[in-house]
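Remember, it's a predicted structure, so these values are computed and weren't measured experimentally. A, B, ... follow the sequence lines: proteins, then strands. Residue 1 opens every chain.
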Amino acid sequence: MKKLMNKAEDYVDEMLDGLILVHPSLVRDGESGRVIRRSAGARQGKVGIASGGGSGHLPLFTGYVGPGLLDTCAIGNVFEGPTVNSCLEAIRLADGGRGVLRLYGNYGGDRMNFDMAGDLLEDEGIVTTTVLGNDDIASGDASERDKRRGVAGLIYAYKLAGASAEAGADLETVTRVAAKAVAATRSIGLALSPCQVPTAAHPTFTLGEGEVEMGMGIHGERGLWRDGMKPADALVEEMIGRLLADRPEGAGERVSILVNSLGATPLEELFILYRRAAALLAEAGLSVVMPLVGPFATSMEMAGASISLCFLDDELAGLLATPADCPFWKVG
Amino acid sequence: MKKLMNKAEDYVDEMLDGLILVHPSLVRDGESGRVIRRSAGARQGKVGIASGGGSGHLPLFTGYVGPGLLDTCAIGNVFEGPTVNSCLEAIRLADGGRGVLRLYGNYGGDRMNFDMAGDLLEDEGIVTTTVLGNDDIASGDASERDKRRGVAGLIYAYKLAGASAEAGADLETVTRVAAKAVAATRSIGLALSPCQVPTAAHPTFTLGEGEVEMGMGIHGERGLWRDGMKPADALVEEMIGRLLADRPEGAGERVSILVNSLGATPLEELFILYRRAAALLAEAGLSVVMPLVGPFATSMEMAGASISLCFLDDELAGLLATPADCPFWKVG
Amino acid sequence: MAARVENLAAAVARALAGIGPIERDLDAADAQLGDGDTGGMIARVIGRMAATDLSEDRDMGVALTKLAKAAAAATGSSLGTLVATGFLTVGKAVKGREEVPWGEWGPLLATARDAMAARGGAALGDKTVLDGLDAVAEAIGAQDTREAVAAAALSAGRRSLVNFRDRPCRMGRARLHAERSVGRDDPGMLALVLLMEASLSPEAPAA
Amino acid sequence: MAARVENLAAAVARALAGIGPIERDLDAADAQLGDGDTGGMIARVIGRMAATDLSEDRDMGVALTKLAKAAAAATGSSLGTLVATGFLTVGKAVKGREEVPWGEWGPLLATARDAMAARGGAALGDKTVLDGLDAVAEAIGAQDTREAVAAAALSAGRRSLVNFRDRPCRMGRARLHAERSVGRDDPGMLALVLLMEASLSPEAPAA
Ligand SMILES: Nc1ncnc2c1ncn2[C@@H]1O[C@H](COP(=O)(O)OP(=O)(O)O)[C@@H](O)[C@H]1O
Ligand SMILES: Nc1ncnc2c1ncn2[C@@H]1O[C@H](COP(=O)(O)OP(=O)(O)O)[C@@H](O)[C@H]1O
Ligand SMILES: [Mg+2]
Ligand SMILES: [Mg+2]
Ligand SMILES: [Mg+2]
Ligand SMILES: [Mg+2]
């Protein structure tokens, strides 16, 4: 596996250098430059939203900083949580005086570091709350949802909580909306080929030439099954079937769907998947609101795709539609 | 190589089905549904711009239909020109009564079919002109620029001619602007791994695990050299060096740059490339206007990247900045 | 003796029957320096031609034009478009006739060759399908039976491959790699020969 | 006999010297069911610890805290963060002291283990680095020379690998594949043992 990079250790910092050069709405901040914030800074009087996570998932997590979305993002090395210091800085830089929601994916490292950062901030008077993305249904039984990993569906929580904060809601409300968004979202992914961590000697896993793995995580964590490659429609049927079987209690008939490339899978194939997914949702009596198709949360060059469903009620549907603007996603 | 598809023969049509479901601003039209047009139809009184090309390059070509860009696009099978009938329909559907510019990449099949379509349209009274994208400097000597292939840099011609047409310019002016845009644009690509045509039994080429090929075309056409993998900075230095050595006569000091993924190469690595490219342009005394980094013209799952430079004068800089809106690129 | 629509339909059917290995060989030939799609494209063209119902047609011009349109509807690739151009040109020339004597096919193929050169901009000697067609048109000029035409066409086609193999390519995607094309068959020329091999095999003499 | 800052620095230096094969083995162990980065991450942590200048420090608490901060600055991974937590906990406990007798290290490691369990939410028996640490803390409790501590720690660590190998994992990324984790070493536990093997090798007895 080949990567367009210089020294592997510089992968993240050189990536961030390029990112902010191209997108002046983003600024690097923090002692080691591992926080991305809006160039305008935290808006006084707005609830702040700080996220964070490992690198290698662009546009996630870093790319979603902007009006109607995140205020700051702490950036870890590839597939590693951000350091406690970066988490701390991301929270501080998101603070506009009305508290900060820590909104990130449910991974051990990220959680420990954001927790430690919270402990350290207690005496600074910044009030914080936490909501963890846990949309990946392949990463745990429905009975232990809070142990599931966060994957692409996290962008719904970004969008919905971001809209709530932008509209002037207080920390309690923004936190409630984020938690509701997470509770309303389910994802599942499949992989066709691995990716490689820049510093590693080998790809994160191997998959036979004719094989597909259902339920694989965005760091190459093992999935539900591995088998011979199947037609796209059959794969989509299984994915949508699993997602609907895990539908949140009380879910209504409105749903937003995200068909996401994990990296190497081209747009063409995402549209082929979407076609079948849309038909299945219609058959299930669901109506699709704001379908999203593209690379929203990747694993570098991994080939594969994920599908996320976010079940919407009136409140969430309204928040989803409000304007938002970051370099990789513009709504309205 | 695995593809998320059903029957290989259905790849393009299923892709188009998904595309228009997700993006209602686009509509399939034509006898075999192989023309994409704006849902609002051709605007009366505006010069039309029709493009076309093979599938497998999304967002190119099909994705650039929208205000300030293309009116229609004829869609061929993967890596094949559109049929004469689709070309004909694309021209007709772009016609708003003030003539139609045929603007597409310089490939044999595309050219023959658009030419035949022009012949067939002569007695319908639609005035047409033609401008061919030929930005790929690896596909011919500077002395025979008109034999070069069109690659990612074609989007500059789309944007600039599209802006001119949207502003109400006549066919002669829009054609002049398109030709000027093409003359001002240079691209070069490199490949790290192949792609596979859906109907083919094998990838389009093979490249050793540690190899890179400089100058490869977006269909896997052989490039300038093949050698062991090098650091990103060294590759960028060669690419920018070659592009600047081929700089159009009389080029000024303003330039827009597009760092494009050919498919599997992740955003992270495009930013790493951009970082070095920006420094080299600055060293060369050039100032960058509207840098573009992302997947703008791909070869399905091919790993690799291309860099395009578009040298701007006042007229082109003005046209580049005007609003444009298609599902994959929004300006303003 | 003359060619009729039945002969045309039978030739297409035989090409379809033999397309499997041809498809793979052509893809491989094109993948050397081009984009590796000649075979898949030709298979699609033949498939579409074979699906064209000629059973009610007696007019050779109509039948050839239908086949041209089938090719043009199947692809917009360089070679496919040239094939359509060739069929269209011959179709126009024989319009209204039920029989076209074998002795006329040399000049007819020469017309096709010229129309294809005009459409694609290649010259003879550029090492393309045109050079194969040129050799075939030349060779069958004097023949007036199906068997003689088939034999002359086949051996001329094969000879053209040999004659051009060590020459550089000057057109199409492989043009840039003129040196590297030396020693390799041009995919378009190879397509012509392999399809002739499949479609010109012996058949019951036409009525 | 007691541990001083020089012992700490020497142990880190030895770990750094031996990191090459350890890095690869740990990546491979983590790649089985996790995300394959344990080795690269541990190498970065050790590298950063080794680059920390302890030459002016005599206070064990200060030195351990510096090493904790180095680990925390190098990574935000689960294991790296737990390592930082462990160092920080012991650092706090020995603050202000220049020597920490070997006999105290068992209870100190037990404190670290508990802080790490509190931070990460894992329980003993979940088959994580905690179980290795628990075994080591237990085993060295009674030892009061460097050599005895090292020998007890190493053999307890190795035994914990064997004891847990055929048990299912209940925490971290491999948790989901409890059945598949049977027969495989936990990468975090393996890291503890391999690093002890590298850093606890004989050295000149401390002053
Ligand atoms: N302009 C041209 N004139 C004559 N023959 C051509 C021309 N362009 C291509 N060909 C023929 O077509 C062959 C390639 O066909 P194909 O692979 O279908 O086209 P493409 O290059 O569009 O992929 C070449 O080997 C050559 O014989
Ligand atoms: N919550 C936890 N509590 C205790 N140990 C843990 C926990 N999470 C992970 N570990 C340990 O860390 C190891 C994995 O480390 P590493 O690969 O660095 O983490 P990550 O899962 O973030 O990639 C596991 O083998 C396990 O021993
Ligand atoms: Mg990790
Ligand atoms: Mg082609
Ligand atoms: Mg070809
Ligand atoms: Mg790991």
Colleague: Chain B heavy atoms under 4.5 Å from C:Arg24: which part of the residue, side chain, backbone, both or neither?
Modeller: neither
Colleague: Would you mind reporting whether B:Glu221 and C:Leu33 have side-chain heavy atoms less than 4.5 Å apart?
Modeller: no
Colleague: Is atom CD of C:Glu179 surrounded by more than 12 heavy atoms (other residues, nucleotides or ligands) closer than 6.0 Å?
Modeller: yes
Colleague: If you count the non-hydrogen atoms of other residues, nucleotides and ligands that lie under 6.0 Å from NZ in C:Lys69, is the total more than 12?
Modeller: no
Colleague: Which of the residues B:Asn77, B:Asp141, B:Asp119, B:Val78 is involved in the greatest number of heavy-atom pairs with chain C at under 4.5 angstrom?
Modeller: B:Asn77
Colleague: To the closest 0.5 Å, what do you measure between OG1 (C:Thr81) and CG (B:Asp115)?
Modeller: 10.5 Å
Colleague: In terms of heavy-atom proximity below 4.5 Å to chain B, should C:Gln32 be classed as side chain, backbone, both, or neither?
Modeller: backbone
Colleague: Would you tabulate the side-chain donor-acceptor contacts of residues 81-89 of chain B under 3.5 Å, counting partners in other chains and residues two or more places apart, or write 'none'?
Modeller:
from    : atom 1 : to      : atom 2 : distance (Å)
B:Thr83 : OG1    : B:Ser86 : N      : 3.2
B:Thr83 : OG1    : B:Ser86 : OG     : 3.1
B:Asn85 : ND2    : B:Glu31 : OE1    : 3.2
B:Glu89 : OE2    : B:Glu31 : N      : 2.7

Colleague: Who wins among B:Ser139, B:Gly52, B:Ala201 for the most heavy-atom pairs under 4.5 Å with chain C?
Modeller: B:Ser139
Colleague: If you measure from CD on B:Glu80 to OG on C:Ser78, what distance do you get to the nearest 0.5 Å?
Modeller: 9.5 Å
Colleague: With respect to chain C, which residue among B:Glu9, B:Arg34, B:Met116 yields the maximal number of heavy-atom pairs within a distance under 4.5 Å?
Modeller: B:Met116
Colleague: By a 4.5 Å heavy-atom criterion (distance strictly below it), what part of B:Gln196 contacts chain C: side chain, backbone, both, or neither?
Modeller: neither
Colleague: What's the spacing between B:Arg222 CZ and C:Arg180 CZ if we round to 0.5 Å?
Modeller: 4.0 Å
Colleague: Nearest 0.5 Å please: distance from the OG atom of C:Ser77 over to the CE atom of B:Met112.
Modeller: 8.5 Å
Colleague: Under a 4.5 Å heavy-atom cut-off, does chain B meet the side chain of C:Ala73, its backbone, both or neither?
Modeller: backbone
Colleague: Quick one: what part of B:Ala8 sits under 4.5 Å from any heavy atom of chain C, side chain, backbone, both or neither?
Modeller: neither
Colleague: Going by heavy atoms in the side chains, are B:His202 and C:Asp27 under 4.5 Å from each other?
Modeller: no
Colleague: Of all residues at least two apart in sequence or in a different chain, which pass the salt bridge (Lys or Arg N to Asp or Glu O under 4.0 Å) check with B:Asp71?
Modeller: B:Arg38, B:Lys46
Colleague: Please tell me if the side chains of B:Lys147 and C:Met171 come closer than 4.5 Å, counting only heavy atoms from C-beta onward.
Modeller: no
Colleague: Contact part of C:Ala28 toward chain B, heavy-atom cut-off under 4.5 Å: side chain, backbone, both or neither?
Modeller: neither
